[in-house]
Every structure is written in C-alpha cells, then in structure tokens.
Asks: 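Structure below; questions to follow.
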Amino acid sequence: MSKRIRPPVRKSQRWKRLKNQFLNVVGNPFNMVVFFSLLILFCLIIIPLLTMLTNTFTVAKAELRNLPDAQIGDFTLFYWKYLLASPLTETILWEPLLNSLLIGFFVTVISVPLGAVMAWLMVRTDIPGKKLLGMLIIVPYMIPSWCKALSWLSVFRNSTSGSLGLLTGMGIAVPDWLAYGPFAIICVMTMHYYAFSYIMVSGSLRSVNSELEEMGEIQGANKVQILKSITLPLVLPSILSAAIMTISKSLGSYGVAANLGNRISYYVLATRMESFISDSPKGVGFAMSIIMILLASGTIFANQRMIGVRKSYATIGGKGTRSNLMHIGKVKYALLIFLAVFLFVSMVMPTFVLVMESFQIRTGAGYGLDNLTLYAWIGTLENAPLESYPYDGIFRNPEFLRALGNTVKLSIIASILTAVCGQFLGYISTRGRGKWYGRATEQMVFIPYLMPGVAFSAIYFAMFSQPRLGGLIPSLYGTFTLILLVSVVKHFPFASRSGSANMMQISVELEEAADIAGASFWRRIGSIIIPLAKNGFISGFMLVFISIAKELDLIAILMTPANYTLSYLSFEYSKSLMPQCADAIAICILLFILICYRIANHFGADIGKSWG
C-alpha cells in the first residue's frame, strides 16, 4: 500500500495560520485583561524591584570614600560583603533577622486564631450583643499601630526612657521586658493585626450554607467535628490569606518596633534597614529588603501548596444559601466577658490614654484638673500655658487643615484605584489557579507587601527623582502624583487578597452557564461577577482607605510641606515638645475613619461581613 504524501504547506498558508491563532488570542477579552494586568504589574513592581537589586551591586556617590578606586555606577560587592561577611554581620543582620522572625511567628500564631474565633462567634453563634461587638471588634484595627505603641509607652514607660509613664508615676515598678522589647511589640501588633483574620474569615463564614453543618449534626457529628471537618475547610483560604498578610506585615513593620525596641537597643530587620536607607550605605538597606522578600516568598509557596489547585472552596453557587446560628449554651456568657476584656485592653485603654494626654499640660503629670487644658485643640501661642509650646492648637493651625485635605484626597483616589485593580487581579488569580499567569499574578502582586514601606518608597523616590528615558518617565518628586502612585501599588495586596477570597466563593459554573447561553465576557462580568463581588469591592475599598488614611512608614521620605498628611503631621509633632498635638491629630484620624466607616455601612458595606 502506497504511503500518502501530505502536500507541502505554503509559506503564505503558514503565516495565515499564525495570524488566525494570534487573532484568536487577541480577540479573547480575558486574554487581553491578563496581558495588560501582567504588563502593568511588571512596570510597577518588577522594574522597581530590579532597580533595588541593581542598587545593591552599584557604587553610590556616598560610598566613594570607602571605595577610593571606584567610580559612581561601577559594579561592586561591597554592600553584600558588608551585610554578610563583615565583623558587623552578627549585629546588623542575624540578630535583627532572628528578632523579626520571632515577632512575626508569635504575632501570627496569636492573632490569626484569635481573629478567626471572633469571626466564628460573631457570624455562626448566638452570642448576645453581636451588632455592637461586630462594630467594636473592627475599631482597634482603625487605630494606627504606631498610636498603640505610643499608648503602650504612656502606660508602661519607666525611667529607661527618661520621662515616666502612668504606672511608674503611680509608684508601680515596671521592668524593661514589659515596657519595651519583644513582649511589648508582640502585644501591640497582636492587638492590631488580629483584624485581618477577623474580617477575612467572617466574610467567608457568612457565605457558608448552614445546611452543610446541619447535615453533619444529623449524622451524629458533635460541634468540634463539624468545625474541623466542614467549617474549617471552607474558610481555609481566608485563614491562610490572613496568616500570610499578618506575618508579612509583622516582618516589615517599622513604627511599633522603632518606638518599643530602639529604646533598649532591640532591633528588627525593618529598623536596621531604615537606618541604612536613611543614612548610609543605602545599598545595605536594599540588600536587607531582598533578604526579606526571599524569606516571605516561602509563605506564598506554602499558601499554594496548602490550598492546592484541585480543591474547590466555592461557597456561592446557583442554589440559594441560608445561615442558622449555632447555640453554644451558657459558655456564651464567658466568651462575652472575654471579648469585653479584650476590647477594653485593645481599644478603650489606648484611646483613653491618647485622649487624656491631648488635654494634659505636662505629660505624665496626672489627670488632675490643674494639669488639663484645651490648648492642643483650640489654643494659640499667645495663651500657651507653657513657654515651650511651639505650635497653635490643631484647629487654629493651617498645617492641620491642609494635611486634612491631603489625607482625604489621597485616601479616596488611591482606594478607588486600588480596589478596582484588586478585583481584576483577584479574578485572574482565582480563574488561573494552576496556570502560569495565575501564579505570576499572585506572586507579583504580593511583592510590595513583603517590602518595608520605607524601602519601597525609597525605590520610587530614586526612580522618579529625575527624568529618565528622554523624559518618558518624568520627575515626580515633591508631587502628589508620586505619593498616590506609591500608595496604590503598595496596597495592591490588600485589594488583591480581598478580590481573590471574593472570587473563590463565586462558582465558575455560573460563568460557564452564561457562556453557554451566549453571554459575552464583559456581559458575564457585568451581570454575574460585579453584582456578586459588590460587597467584596466595597470592603476592599474600606480596608485600603483605612490603611492609607493612617499610613506613615510608606510616605515618610516622600513628604514635602505642601503634601503633608495627618499621619505624617502627627509624627512630626510627636518628635517635638508637643506630643499633645500629635495625640489630638491621632484622635482626629480615628474619628475620620469611624465616620467614613459608618457612611459606608449606610450604603450597604460592612467590611466585617464581606471581606472573605
């Protein structure tokens, strides 16, 4: 039997086939969304990261005195040798690194289960007073962590810091291990970061159909077995996301560690890094950032391995769901007491200390009427009770009004941009699980979160301090645009994690059914994804809004007087002889965030219900 010979394919036919394949790829809207998303992420994240990496191998002008034979821009290993193989390595790297890992581990181990248990109590049980408790549990997250550190010092500060705190002033001896160092840092961070777990797990729990748990109860399973075998697997993505965000934020936190650690020479990687970036050699600080990113990349790998690409955690499908509360008996009153005590320690005490100190004439001198005044709020220098006061009260101070306007503008614009991008990035990550573009999106978008705010803003400062590529990249230093850009990119992980958890609960079957019915990609997005993801979008917006409104580390080195925000103005005042004004501004930040939160709730948003 003769062999059939295929006719040769003409060159024109081959190009036509390639053209058709290209048009099929380009004509798919989802492919274009993926392409442009990855391109934007590469330009905003990878290029700055490569710039930082390049700086660790490039001689800077400030190091010419240490490298007399080198020229600016030459290749060098000086920074890495300084960090890894010098007599100072133990002091500048290994000790701070161990301290950072210790703090990150304990903060995550304590705060994530704490927040998850609170979410379960608020969503799935009949514990009384849930409406009030649900709102109060979120409030400690709205208080900036650096404000909690100041409150901790106001209570526990001893003679090591010079001025005395509340307890020391009452004659109670406070040891250094309680006032400063790892115990104080872990306590303050735990009281702040438990909200990640609470918000994300509560949003996921609200979408779980209680019929699943009831079926387990009918089969004879007790409450512990139901929680372990049914509820926990369904909310596992949210718990893992909360753990990753918590440990990464703990590793990169600067404000709390600086306030509570530097006073006794207890340093973490972030505080050591900031000292190098602010002073010299900056390349060593950038090298520390690279080490932190490499460490945190393991958490992303663990997240992917633990969730897996074949497991389904969809809790929203075509069938309706209902939620019945679990009766926990008399133990609910003991749990209610526990929540009340925790909220008192994490919210009432820090707020009370800040409020009272804003009315004090001399800090640490007690709360007697002879030591209270309204000067920090409405006073003027002409009627100052002390000659050392350098500022008018905040409501008489034009700097405060300008900073308030900058804060509102930055928070609203950056939050809208970040929340919209986060939903698209979350959609790509979840629909591309197990595929290269899903992994690439998830890993790139999380990189900014792994970088300390000071280092991240320093990279953008270096990129935009002068025009590049013939003016294609303009000089943005001193402009609001640069602060906005840094704020949006740095908070991509907030909105992306919110979008991912949100999209994982929307079953792909809904889109497949619409596709079979002939709906286009954008029609499916507009009619299915956006309505179901609405609450997740609003809650993601609120989380970014809250974070930006109280942000300090990220914007510190980008600030100019015309662009001061409330957080930075409070930070500047806290370094002067007027901590009362700093406290007053911190209180205004808290009230501003609370008012915005209530307004969002009025329009149907609740970050405690919808962020999964």
Asks: Could you walk me through whether I247 and V107 satisfy the side chain to side chain contact (heavy atoms under 4.5 Å, CB included) test, starting with their C-alpha distance in whole Å, then the side-chain angles of each, then the deciding distance to 0.1 Å, before giving a yes or no?
Replies: CA-CA 7 Å; I247 191 171; V107 170; over 6 Å; no
Asks: Would you tabulate the side-chain donor-acceptor contacts of residues 586-595 under 3.5 Å, counting partners in other chains and residues two or more places apart, or write 'none'?
Replies:
none

Asks: Using 0.5 Å steps for rounding, measure from the CZ atom of F480 to the CG atom of N563.
Replies: 8.0 Å
Asks: Tell me whether Y367 at atom OH has more than 12 heavy atoms from other residues, nucleotides or ligands lying less than 6.0 Å away.
Replies: yes
Asks: Would the distance check show the side chain of Y193 and the main-chain N or O of V188 forming a donor-acceptor pair, the cut-off being under 3.5 Å?
Replies: no
Asks: How many angstroms lie between OG in S100 and CD1 in I291, if you round to the nearest 0.5 Å?
Replies: 11.0 Å
Asks: So, taking the atom named OG1 in T407 and the one named CG in L566, what distance separates them when rounded to the nearest 0.5 Å?
Replies: 3.5 Å
Asks: For the atom pair NE2 (H491) and SG (C421), what is the distance rounded to the nearest 0.5 Å?
Replies: 14.0 Å
Asks: Checking side chain to side chain contact (heavy atoms under 4.5 Å, CB included) for the pair V544/K490: CA distance, chi angles, key distance, verdict?
Replies: CA-CA 10 Å; V544 177; K490 186 66 171 67; over 6 Å; no
Asks: What is the distance from atom CG of L417 to atom CD1 of I412, rounded to the nearest 0.5 Å?
Replies: 12.0 Å
Asks: When you measure from the side chain of S197 to the backbone N and O of V112, does any donor-acceptor pair fall under 3.5 Å?
Replies: yes
Asks: If I compare all heavy atoms of A257 with all of I185, which pair ends up nearest, and what's the gap?
Replies: CA-CD1, 3.9 Å
Asks: Please confirm whether R263 makes a cation-pi placement over Y180, using NZ or CZ under 6.0 Å from the six-membered ring centre and within 45° of the ring normal.
Replies: no
Asks: Can T190 and F106 be said to form a side chain to side chain contact (heavy atoms under 4.5 Å, CB included), step by step?
Replies: CA-CA 9 Å; T190 298; F106 280 105; over 6 Å; no
Asks: State whether the side chain of S567 and the backbone N or O of K550 hold a donor-acceptor pair below 3.5 Å, judged by distance alone.
Replies: yes
Asks: Does the separation of the ring centres of F342 and Y194 fall below 6.0 angstrom?
Replies: yes
Asks: So, the side chain of S415 versus the backbone of F545: is there a donor-acceptor pair under 3.5 Å, distance only?
Replies: yes
Asks: Going by heavy atoms in the side chains, are I555 and T565 under 4.5 Å from each other?
Replies: yes
Asks: Between CD1 of I103 and CG of L269, what distance do you get to the nearest 0.5 Å?
Replies: 11.0 Å
